[in-house]
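Throughout, numbering of the chain's residues begins at 1 and tracks the sequence.
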Amino acid sequence: MGLFSQSARMFSSINKGPKHRPPFEGFYLYILALFIGYWLADLGVLYVRPSLLPTQPPPMRPSRQMKSTFTDVSRYMTVPNRNLFNEDGKIAPKLTPDGDIQMTEGEAVLSQLPFKLEGTLVHSNNKKSVATITLKTKNEARAVMVDQDLESLARIYKIERRKVIFRNLNTNRMEYIDIPKDTAVTFGVKDPVVSGGGEDVMKKGEFDFTMRRADIAKYTADLGSILQQARMVPNIVPGSGGRVDGFRFVAIQPNSIYEKLGFKPMDVIKKVNGEDINSPTKAMELYNALKSEGRISISVERNGRDENFKYDIQE
């Protein structure tokens with residue numbers, strides 16, 4: 001209470017006096033003292049400042065080096081070296097669409113199965129190529145295509161000129177059979193198969209012939225030689241998208257069985273006993289069936305006209 005009472009008396013004494021004195025005249029002394037104190041403090045700072053400044057340079061700090069953003073590739077070589085999907089380093093064989101292992105042609109070996117390759121008809125689309133193979137155990141010729149099974153012993157994989165590659169179904173190994181080079185087709189040079197005596201085919205008319213069954217058996221026993229005496233290609237119907245209508249002779253060996261049967265180059269065999277011949281497989285089926293027929297009728301297109309060849313088979 002004493003402090004407040006003294007302050008009150010001081011303000012009251014300041015306000016007392018002549019009425020014409022400036023207001024707050026009593027505070028001028030305090031303002032002057034504050035200004036003098038500030039000025040003395042500033043002089044003190046100017047006097048002390050030189051002693052506060054450093055006399056030696058600051059110590060050198062080690063420069064901050066930026067780490068390289070590049071990493072040596074050797075640090076990542078562990079990834080390919082430790083291939084979790086191929087730890088043994090061996091490349092697995094490709095798979096077919098059916099999930100079977102697909103071997104390459106280079107892995108195929110010469111087959112010991114009782115097969116003999118008689119001839120091949122190679123198409124630009126390998127799925128349409130055809131091979132004629134004789135089963136030695138049955139002495140029977142078969143026409144096969146890619147992906148077909150042969151007597152549950154082999155599955156045809158690829159057909160080439162003079163070579164057929166297949167999978168041995170017993171060993172699951174790729175094997176092949178081929179036609180040796182020394183049996184190349186040489187039209188007009190190689191001697192055709194001949195009989196012991198007399199004519200094998202007797203001509204009764206322009207398109208009428210007679211044959212003995214013994215001669216037919218003789219020719220079919222050496223199918224490979226017969227196939228080499230002529231060359232045929234599928235007869236494609238123009239504008240049909242690849243439809244086959246028979247097979248055309250493009251070359252016939254002189255004095256061969258085909259010439260004796262009355263055929264000429266560019267003839268097209270279209271039907272046999274009324275059955276259309278539109279694939280090598282169909283032709284081979286008819287070939288096997290006709291061995292026991294007594295009469296054979298073949299529809300042939302020659303020079304744009306259809307001719308009917310007739311063959312009587314005598315016992």
Side-chain angles (χ1 to χ4, degrees), residues 116-119 121 130 132-143 183 185-235 245-303 305-315:
K116 179 183 178 183
L117 180 60
E118 305 292 355
L121 181 60
V130 180
T132 302
I133 299 176
T134 297
L135 305 177
K136 296 180 181 179
T137 55
K138 297 183 179 180
N139 194 24
E140 179 179 329
R142 299 281 183 86
T183 59
V185 179
T186 53
F187 294 108
V189 177
K190 185 175 180 179
D191 294 333
V193 178
V194 296
S195 61
E199 289 293 333
D200 300 331
V201 182
M202 291 166 283
K203 187 174 182 179
K204 298 187 297 181
E206 185 178 2
F207 305 113
D208 197 1
F209 305 86
T210 300
M211 293 186 66
R212 293 176 301 204
R213 191 170 300 280
D215 292 330
I216 294 178
K218 174 193 62 179
Y219 284 112
T220 55
D222 191 5
L223 181 60
S225 177
I226 297 300
L227 291 176
Q228 294 178 32
Q229 296 181 27
R231 186 159 62 92
M232 305 178 71
V233 297
N235 183 49
D245 184 22
F247 286 81
R248 182 184 302 275
F249 286 100
V250 294
I252 297 178
Q253 184 176 347
N255 200 31
S256 65
I257 183 60
Y258 299 100
E259 189 176 77
K260 294 179 180 180
L261 291 172
F263 298 120
K264 297 180 179 181
M266 303 309 294
D267 283 353
V268 180
I269 297 180
K270 305 182 75 172
K271 295 183 179 181
V272 176
N273 282 5
E275 294 284 345
D276 292 331
I277 305 300
N278 50 23
S279 70
T281 304
K282 185 67 175 180
M284 189 57 60
E285 291 176 356
L286 290 173
Y287 163 79
N288 291 322
L290 292 176
K291 291 180 180 179
S292 58
E293 292 288 336
R295 184 176 179 82
I296 301 174
S297 176
I298 301 179
S299 177
V300 178
E301 179 184 322
R302 174 177 291 176
N303 298 327
R305 297 178 54 185
D306 291 335
E307 307 291 353
N308 191 25
F309 287 58
K310 298 179 181 179
Y311 303 88
D312 290 323
I313 309 303
Q314 299 180 349
E315 299 295 340

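Take Glu259 and apply the side chain to side chain donor-acceptor pair (under 3.5 Å) test, not counting sequence neighbours, and it matches no residue. Residues passing the ring-ring contact (aromatic ring centres under 6.0 Å, His included) test with Tyr258 are Phe249, sequence neighbours excluded. In this structure, the salt bridge (charged side-chain N to carboxylate O under 4.0 Å, His left out) partners of Asp312, at least two apart in sequence or on a different chain, are Lys204, Arg295. Under the side chain to side chain contact (heavy atoms under 4.5 Å, CB included) criterion, Met211 pairs with Val201, Ile216, Leu261, Ile313, sequence neighbours left out. In this structure Ser297 satisfies the side chain to side chain donor-acceptor pair (under 3.5 Å) test together with Asn308, sequence neighbours excluded. In this structure, the side chain to side chain contact (heavy atoms under 4.5 Å, CB included) partners of Lys203, at least two apart in sequence or on a different chain, are Phe209. Legend: residues meeting side chain to side chain contact (heavy atoms under 4.5 Å, CB included) with Asp245, ordered by chain and number and at least two apart, are Asn235, Val237, Arg243, Lys270. Take Asn278 and apply the side chain to side chain donor-acceptor pair (under 3.5 Å) test, not counting sequence neighbours, and it matches no residue.
To the nearest 0.5 Å, atom OG1 of residue Thr132 and atom NZ of residue Lys116 are 12.0 Å apart. Taking CD of Glu301 as the start and CE of Met266 as the end, the distance is 10.0 Å to the nearest 0.5 Å. Distance CD1/Ile269 to CG/Asp267: 8.0 Å, rounded to 0.5 Å.
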Residues Asn255, Lys260; criterion side-chain contact (heavy atoms from CB on, under 4.5 Å); working and verdict
CA-CA 7 Å; Asn255 200 31; Lys260 294 179 180 180; 3.9 Å; yes
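Checked by atom type and distance alone, the side chain of Gln229 pairs as donor or acceptor with a backbone atom of Ile257 at under 3.5 Å.
Taking 4.0 Å as the cut-off between side-chain N and carboxylate O, Asp208 and Lys310 do not count as a salt-bridged pair.
Looking only at side-chain heavy atoms (C-beta outward), Asn273 and Ile296 come within less than 4.5 Å of each other. No side-chain heavy atom of Val268 sits less than 4.5 Å from a side-chain heavy atom of Phe247. Contact annotation: the side chain of Ile298 never approaches that of Lys271 to less than 4.5 Å [non-hydrogen atoms, C-beta and beyond]. Arg302 has its side chain within reach of Lys264: a pair of non-hydrogen atoms, C-beta onward, lies under 4.5 Å apart.
Phe309 and Phe263 have parallel rings, their planes meeting at less than 30° on a 0 to 90° scale where 60° marks the start of perpendicular.
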